Amino acid sequence: MARARTQTVSTYPPPERAILVGVQVKGEPYGWSLEDSLDELASLTRTAGAQVAGTVAQQVPRMSPTYVGTGKLEELKELRQETAAATIIFDDELTLAQQRNLERALKVKVLDRTALILDIFAQRAHTREGRLQVELAQHEYLLPRLTGQWSHLERLGGGIGTRGPGETQLETDRRLVRNRIAHIKEQLEEVRRHRALYRARRRSQGVPVVSLIGYTNAGKSTLMNALTHAGVLVEDRLFSTQDPVTRRLRLPGGGRVLLTDTVGFIQKLPHSVVAAFRATLEELEEATLLLHVVDITHPSVAEQWETVVGLLQEMGLEAKPTLTVLNKIDRLGEGWERLLVKALMEENGLSWSPEREAVTVAISAARSFGLETLTSRIERALETSTPS
């Protein structure tokens with residue numbers, strides 16, 4: 001008697017399929033190429049748990065009310081039908097009009113880069129502070145879009161057809177979101193006060209603070225683990241860790257410092273996200289020294305470098321003492337020398353000078369190579385720095 005063959009059926013839903021769309025306005029100066037920006041958007045999409053079903057790119061003379069031109073919009077409709085994609089993700093933050101026009105034309109879920117980043121942050125936030133910061137950014141992103149959903153009622157300006165639940169719902173939703181935003185800000189303000197007290201106590205004890213900064217996935221968490229055995233989650237994904245981590249680090253001369261890791265930076269990081277993470281990023285203001293971790297092997301290393309430097313300038317931290325850490329040199333092959341670092345930087349469009357060499361260290365955090373040199377450089381830099 002033949003045995004019945006057993007079959008297992010997965011109960012997990014299939015991954016969401018998404019089409020990625022990006023445009024580049026002709027003549028606008030921008031460091032990132034459209035191809036590199038879309039590659040990064042694809043990494044973000046996979047990090048969020050979706051599958052990339054297709055990509056559409058276009059050079060445009062100016063930004064359109066539908067983000068892409070009419071012809072590309074038709075092409076996008078056809079591609080969505082061919083791939084059965086449930087979501088279309090755009091590489092810039094869409095205006096309210098653009099999002100409304102695209103949803104009406106495509107009849108599918110439309111997301112922009114900001115919504116995608118916030119979704120990833122929501123997945124990765126584990127501490128109370130992290131969840132509050134993400135929720136604040138999400139509500140501030142939602143509020144104008146919530147208003148837009150009821151604009152067909154708002155425009156009528158009262159009178160016949162505007163009385164009843166529609167108008168009430170608009171005001172109710174606005175009030176609820178605004179009240180929630182105010183409540184979250186109060187809670188985050190309490191977090192800031194606690195952090196300020198902690199930093200004051202830390203300063204009174206004379207313990208220097210060294211903060212890791214860098215583009216997402218540059219290897220900050222790997223370096224934190226290599227230096228302090230912190231046990232921070234390490235994945236080959238963007239924003240693999242989001243909540244701030246602080247550990248003690250012993251220097252070669254016997255001194256101790258506090259090493260902190262914060263959220264990684266990324267191009268087109270929404271201002272609402274930067275503002276929401278103010279309490280966390282204030283750690284950078286208090287740091288005695290910044291360690292700018294750079295993935296020297298990344299094809300867009302120059303653009304990543306400039307993105308981080310630009311965000312530091314926005315936060316008024318460009319004058320903060322900084323040690324540049326060129327990470328992942330183990331991927332360069334055998335036989336590299338000090339001069340190779342200079343050549344790599346110049347090849348990738350990064351400025352070089354004797355002064356730059358003095359504050360640059362090449363390491364492999366994954367292989368624990370160059371860490372003794374790094375800690376010695378940290379110690380030397382702290383000796384010449386005035387604590388914040």
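In this text, all values refer to a predicted model and were calculated from it rather than measured experimentally.
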Determine whether V191 and R128 satisfy the following criterion, side chain to side chain contact (heavy atoms under 4.5 Å, CB included), listing intermediate values before the conclusion.
CA-CA 10 Å; V191 170; R128 175 175 174 271; 4.1 Å; yes
L34 with V60, same ILVMFWY side-chain cluster at under 4.5 Å
no
Going only through I, L, V, M, F, W and Y residues with side-chain contacts under 4.5 Å, is there a path from L38 to I19?
no
Verify side chain to side chain contact (heavy atoms under 4.5 Å, CB included) between L94 and T114, making sure each step is shown before the conclusion.
CA-CA 9 Å; L94 298 171; T114 300; over 6 Å; no
Evaluate the criterion side chain to side chain donor-acceptor pair (under 3.5 Å) for residue pair E40 and Q267; output intermediate values, then yes/no.
CA-CA 9 Å; E40 184 175 85; Q267 60 140 343; 3.3 Å; yes
4.5 Å side-chain heavy-atom contact, L76 and L106
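They are in side-chain contact.
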Between R145 and L96, is any pair of side-chain heavy atoms under 4.5 Å apart?
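Yes. Closest side-chain heavy atoms under 4.5 Å.
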Euclidean distance, [Y] [atom2] relative to [X] [atom1], rounded to 0.5 Å:
X	Y	atom1	atom2	answer
R17	T45	CZ	OG1	13.0 Å
L317	L290	CG	CG	6.5 Å
L259	M224	CG	CE	4.5 Å
H229	L249	NE2	CG	10.0 Å
K109	E16	NZ	CD	3.5 Å
Q304	D295	CD	CG	6.5 Å

Set of salt bridge (Lys or Arg N to Asp or Glu O under 4.0 Å) partners for D119, sequence neighbours left out
none
Heavy-atom closest contact ([X] atom, [Y] atom, distance):
X	Y	value
K328	A218	CE-O, 3.6 Å
V21	I88	CG2-CG2, 3.6 Å
T375	P252	OG1-CG, 3.6 Å
L371	A226	CD1-CB, 3.7 Å

Among H183, R180, Q187, find the one that has a side-chain contact (heavy atoms from CB on, under 4.5 Å) with E135.
R180
Check: S211/T260 side-chain N/O donor and acceptor closer than 3.5 Å
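Side chains of S211 and T260: pair found under 3.5 Å.
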Quick one: list whatever passes side-chain hydrogen bond (donor to acceptor under 3.5 Å, both in side chains) with D91, sequence neighbours left out.
S37, R113, K268
Atom CD of E372: over 12 foreign heavy atoms under 6.0 Å:
no
Considering only NZ, NE, NH1 and NH2 on the basic side and carboxylate oxygens on the acidic side, decide whether R192 and E285 come within less than 4.0 Å.
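Here R192 does not pair with E285 in a salt bridge, since their nearest N and O are not under 4.0 Å apart.
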Could you tell me whether K72 and E75 make a salt bridge, using a distance below 4.0 angstrom between a side-chain N and a carboxylate O?
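Looking at K72 and E75, the cut-off is met.
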For Y67 and F90, take the angle between the two ring planes, folded into 0 to 90°, and tell me which bin it lands in: parallel under 30, tilted 30 to 60, perpendicular over 60.
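Y67 and F90: perpendicular rings.
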